[in-house]
Amino acid sequence: RYTDHSILDYMVESRKIWACDDMDFILGYYDSISSRPGTVIDIGANVGTSVIYFRNKLGPDTKFYAVEPVTDNFNLLKANCAINGFSDINAFRYGISDSIGEANLEINPANMATCKIAGSDEDNLVFEKDESSYVGDMVPLITLDAFVSENKIPTDSPVLFWIDVE
């Protein structure tokens, strides 16, 4: 049902995930200050490529949280963590928002990584919709403060936020 293969093609051809150079740059910063993040929070985790990359680089002493609102992506995220043997990556199906509640997501049928809250005026996220291609998905919303509090994420050591959302 999804037809966007450009990122996958790049990953297969280069044998790298799409943003590994950016991630390595960020991890290099932590190395330069002789510190490592105690926690990584991946917001908009999609199918898990970023959080799994960070887990491979940082190891089990770092705590990992992956937040993904789209049901299909979330299910693939959990499967990818399991396939890679990373039961220590904590996955959550939420949308991070400025309020707690729920929302209906409009998911771009040509790219399941692109979505927006239904009815929002995001000019840069206009989808061509018809009955056969529109994908809707109800998602629970949580604030970042509430997420950190509910999961008792310590804020007294470095926290790396990797955010890839629309």
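A quick note: this is a predicted structure, and the numbers were derived from the prediction, not measured. Excluded from the calculations below are hydrogen atoms, water molecules and symmetry mates; all remaining heavy atoms, backbone and side chain alike, are included.
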Report all side-chain donor-acceptor pairs from residues 141-155 shorter than 3.5 Å, counting only partners two or more places apart or in another chain.
unit_1: Thr143; atom_1: OG1; unit_2: Ala146; atom_2: N; d: 3.0
unit_1: Asn151; atom_1: ND2; unit_2: Phe147; atom_2: O; d: 2.9

Quick one: [atom1] on [X] to [atom2] on [Y], what's the gap to the nearest 0.5 Å?
X	Y	atom1	atom2	answer
Ile43	Asn46	CD1	CG	14.5 Å
Ile26	Phe161	CD1	CZ	13.0 Å
Phe25	Asp22	CZ	CG	9.0 Å
Leu58	Leu160	CG	CG	7.5 Å

If you look at every heavy atom in [X] and [Y], which pair is closest and at what distance?
X	Y	result
Trp162	Ser50	NE1-OG, 3.3 Å
Tyr65	Val51	O-CG2, 4.4 Å
Tyr94	Val139	C-CG2, 3.8 Å
Pro60	Asp88	CA-OD2, 3.9 Å
Glu68	Gly44	OE1-C, 3.5 Å

Name every donor-acceptor pair, under 3.5 Å, that has one atom in a side chain of residues 77-85 and the other anywhere in the protein, sequence neighbours excluded.
unit_1: Asn80; atom_1: ND2; unit_2: Val47; atom_2: O; d: 2.7
unit_1: Asn80; atom_1: ND2; unit_2: Leu76; atom_2: O; d: 3.4
unit_1: Asn84; atom_1: ND2; unit_2: Asn80; atom_2: O; d: 2.8

Any chain of hydrophobic side-chain contacts (each under 4.5 Å) joining [X] to [Y]?
X	Y	result
Ile89	Leu27	yes
Val165	Phe64	no
Ile163	Phe54	no
Val67	Ile107	no
Val70	Ile96	no

Next item on the list: Assess the side chains of Asp42 and Tyr53: does a donor N or O sit below 3.5 Å from an acceptor N or O?
Entry: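 Distance-only check fails for Asp42 and Tyr53.
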
Check: [X] side chain, [Y] main-chain N or O, donor-acceptor pair, under 3.5 Å:
X	Y	result
Arg93	Pro69	yes
Asp137	Leu105	no
Thr62	Thr39	no

Checklist line | Any residue meeting side-chain contact (heavy atoms from CB on, under 4.5 Å) with Ser157, in chain and number order, not counting sequence neighbours | finding: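 Result, side-chain contact (heavy atoms from CB on, under 4.5 Å) vs Ser157: none returned.
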
Next item on the list: Taking only Lys NZ, Arg NE, NH1 and NH2, and the carboxylate oxygens of Asp or Glu, determine whether Asp24 and Lys57 approach each other closer than 4.0 Å.
Entry: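 Salt bridge: yes.
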
